[in-house]
Amino acid sequence: MIRNIKIIAADIDGTITTSNYITPKRNIEAIENLRKAGYLFGLASGRPVDDLKNKYEIWGLSKQVDFIIGWNGAELYDARKDVKYNYNYLTKQELKEIVDFMRPYEKITSVYLPGIYLASNDSEKALSSSEKTHRKLVIAKSYDEFSAVDNGGIMFRTDIKQMPEIEKVVVEKTKDKNYVGFKTQADLMEFANKNCNKGYALRKYCELNDMSLDECMAFGDTTNDNEILRICNGVCMLNGSDDTKACAKYITDTECDLEGFADFVEKNLL
């Protein structure tokens, strides 16, 4: 058993939810049992907070999760206090710069706006993303629409085969900037303020609730989870990327698709 843990934060895609976007019943039961055992449980996702508030109902949990880290750390919702905090948004100028150098590589450019999934086309992937986030799909008439307002982040669906090249381009283009890019799925590159990450929001949550990062455990699987895994008792999924495994204190025995989250929780926390 791993002792002295009070707070658990978990990524969703590739961690709790499988590669086929199915959330296994065993994982849901593990979350429910963690909370019954007295742990505070929260979600840490690249999606906005507003898209995640109904997750507990969709999954059939008995009550709302204790906190939600959204937009890769640009948003924090403390459900026990019913208070939402925003941190480190990208400016309009930064969004325009990012769109300009990513245009040669994008298959879909997209941002979240209130109630809207704004995308550069109406492909099957774009429609699926809008449905998954319960937002209306709106097709941009111009790429300028993606930088019309400050935002927590921007996303680019790309060709998987090009991702190694894209990662190199992103490192070069962002090295002197106030923003960073990071792969969140095999074909998805996201951008955020360089001070914006899931770890930043978890640190804020601890400060707001007079708790320690040593009392936290975080689960993740890819680059946008690196900081949150690094600053606490991080757990990387067996299916996780090598850079994320290097940031973790623990690695699950089984992959996400084989209920690796529940397996780890049952063996080490319950």
Side-chain angles (χ1 to χ4, degrees), residues 5-17 23 27 31 34-35 39-59 61 63-90 111-112 132-134 151-155 179-180 182-185 188 190-237 240 244 247-248 256 261 265:
I5 301 298
K6 296 181 180 179
I7 302 171
I8 296 170
D11 175 50
I12 299 177
D13 296 329
T15 301
I16 295 177
T17 299
T23 308
N27 285 351
I31 295 170
L34 283 169
R35 303 185 76 192
Y39 294 95
L40 296 177
F41 180 83
L43 301 174
S45 172
R47 302 178 211 169
V49 162
D50 288 348
D51 286 356
L52 302 173
K53 284 185 177 180
N54 66 345
K55 271 296 181 185
Y56 82 99
E57 295 176 316
I58 294 171
W59 288 347
L61 295 174
K63 59 182 179 179
Q64 178 64 276
V65 297
D66 297 295
F67 63 95
I68 300 172
I69 293 170
W71 255 137
N72 291 309
E75 298 177 340
L76 169 65
Y77 175 60
D78 189 331
R80 295 189 301 161
K81 300 175 182 177
D82 193 25
V83 179
K84 181 183 173 185
Y85 307 88
N86 294 337
Y87 308 110
N88 302 314
Y89 270 31
L90 291 171
V111 295
Y112 296 120
K132 187 171 65 174
T133 57
H134 306 284
N151 212 321
I154 188 168
M155 302 163 285
Y179 51 82
V180 293
F182 40 86
K183 182 176 69 175
T184 56
Q185 295 178 26
L188 187 64
E190 299 191 28
F191 291 82
N193 182 290
K194 68 179 181 180
N195 295 314
C196 174
N197 58 71
K198 295 180 183 181
Y200 181 95
L202 181 62
R203 191 185 300 276
K204 288 294 185 182
Y205 181 74
C206 287
E207 291 174 0
L208 291 166
N209 290 278
D210 195 26
M211 292 182 169
S212 166
L213 288 168
D214 292 336
E215 299 173 306
C216 297
M217 176 171 282
F219 291 78
D221 71 301
T222 194
T223 307
N224 68 325
D225 300 312
N226 286 2
E227 289 304 317
I228 195 170
L229 266 58
R230 184 180 287 120
I231 65 169
C232 67
N233 296 280
V235 183
C236 184
M237 307 303 294
T244 306
C247 297
C256 170
F261 170 79
V265 166

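Everything numeric in this text was worked out from a predicted model, so none of it was measured.
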### Task
Indicate the atoms forming the closest heavy-atom contact of Gly152 with Ala192, along with that distance.
O-CB, 4.1 Å
#### Entry: Qualifying residue, where the test is salt bridge (Lys or Arg N to Asp or Glu O under 4.0 Å) with Glu75 and the options are Lys53, Lys204, Lys84
Lys84
### Task
Take Met211 and Leu40 through the side chain to side chain contact (heavy atoms under 4.5 Å, CB included) test and state the conclusion after the steps.
CA-CA 11 Å; Met211 292 182 169; Leu40 296 177; 3.6 Å; yes
### Message
Surrounding NZ of Lys63 (heavy atoms of other residues, nucleotides or ligands, distance under 6.0 Å), is the total greater than 12?
### Response
no
### Query
So how far is it from Ile68 CD1 to Lys55 NZ, rounded to the nearest 0.5 Å?
10.5 Å
### Message
Run the ring pair (Phe, Tyr, Trp, His ring centres under 6.0 Å) test against Tyr112 and tell me which residues pass, sequence neighbours left out.
### Response
Trp71, Tyr117
### Message
For the residue pair Glu190 / Asn224, report whether a side-chain donor-acceptor contact shorter than 3.5 Å exists.
### Response
no
#### Entry: side-chain hydrogen bond (donor to acceptor under 3.5 Å, both in side chains) partner of Trp59, chosen from Thr17, Asn54, Thr23
Thr23
### Task
Sequence neighbours left out, what passes salt bridge (Lys or Arg N to Asp or Glu O under 4.0 Å) with Arg80? Give chain and number order.
none
### Message
Tell me which one of Tyr87, Tyr77, Phe67, Tyr85 satisfies ring pair (Phe, Tyr, Trp, His ring centres under 6.0 Å) with Tyr205.
### Response
Phe67
#### Entry: Cys206 and its side chain to side chain contact (heavy atoms under 4.5 Å, CB included) partner, picked from Leu213, Ile231, Asp214
Leu213
### Polar side-chain atom of Asn88 near backbone of Asn195 as donor-acceptor pair, under 3.5 Å
yes
### Task
Identify the heavy atoms of Cys236 and Asp221 that sit nearest to each other, and give their distance.
SG-CA, 4.4 Å
### Task
Without swapping roles, check the side chain of Asp11 against the backbone of Phe219 for a donor-acceptor pair under 3.5 Å.
no
### Query
What heavy-atom pair brings Ala10 and Ile16 nearest, and what distance separates the two atoms?
CB-CD1, 3.6 Å
## Note on the structure
Rounded to the nearest 0.5 Å, the OH atom of Tyr89 sits from the SG atom of Cys196 at a distance of 9.0 Å
### Rounded distance (nearest 0.5 Å) linking atom CZ of Arg230 with atom OG1 of Thr244
9.0 Å
### Query
If only atom types and distance count, is the side chain of Glu227 paired as donor or acceptor with the main-chain N or O of Asn197 below 3.5 Å?
no
### Task
Please check if the side chain of Lys198 supplies one atom and the backbone of Ile228 the other of a donor-acceptor pair under 3.5 Å.
no
### Query
Do you know the tightest heavy-atom contact between Asn193 and Leu90?
N-CD2, 3.4 Å
### Task
Please assess Gln185 against Asp13 for the test side chain to side chain contact (heavy atoms under 4.5 Å, CB included), listing each intermediate value before the final yes or no.
CA-CA 9 Å; Gln185 295 178 26; Asp13 296 329; 4.1 Å; yes
### Query
Which value, rounded to the nearest 0.5 Å, describes the distance between Leu52 atom CG and Ile58 atom CD1?
9.0 Å
### Query
Of the non-hydrogen atoms in Thr222 and Thr184, which two are nearest, and what is the gap between them?
CG2-O, 3.4 Å
## Note on the structure
Note: Phe41 and Val65 closest approach over all heavy atoms is O-CB, 3.6 Å
#### Entry: Inter-residue atom distance Ser212.OG - Ile7.CD1, 0.5 Å rounding
8.5 Å
#### Entry: Approximate separation, where rounding is to 0.5 Å, of Met217 CE and Leu202 CG
12.0 Å
### Task
Using the side chain to side chain contact (heavy atoms under 4.5 Å, CB included) rule, take Met237 and Asp225 through it: C-alpha gap first, then chi angles, then the decisive distance, then the call.
CA-CA 11 Å; Met237 307 303 294; Asp225 300 312; over 6 Å; no
### Task
List the steps and the verdict of side chain to side chain contact (heavy atoms under 4.5 Å, CB included) for Asn226 and Phe182.
CA-CA 10 Å; Asn226 286 2; Phe182 40 86; over 6 Å; no
### Message
I'd like to know if the side chain of Asn233 reaches the main chain of Cys216, judged simply by a donor and an acceptor atom lying under 3.5 Å from each other, with no hydrogens or angles considered.
### Response
yes
### Message
Counting only heavy atoms not in Arg47 (residues, nucleotides, ligands), do more than 12 fall under 6.0 Å from its CZ?
### Response
yes
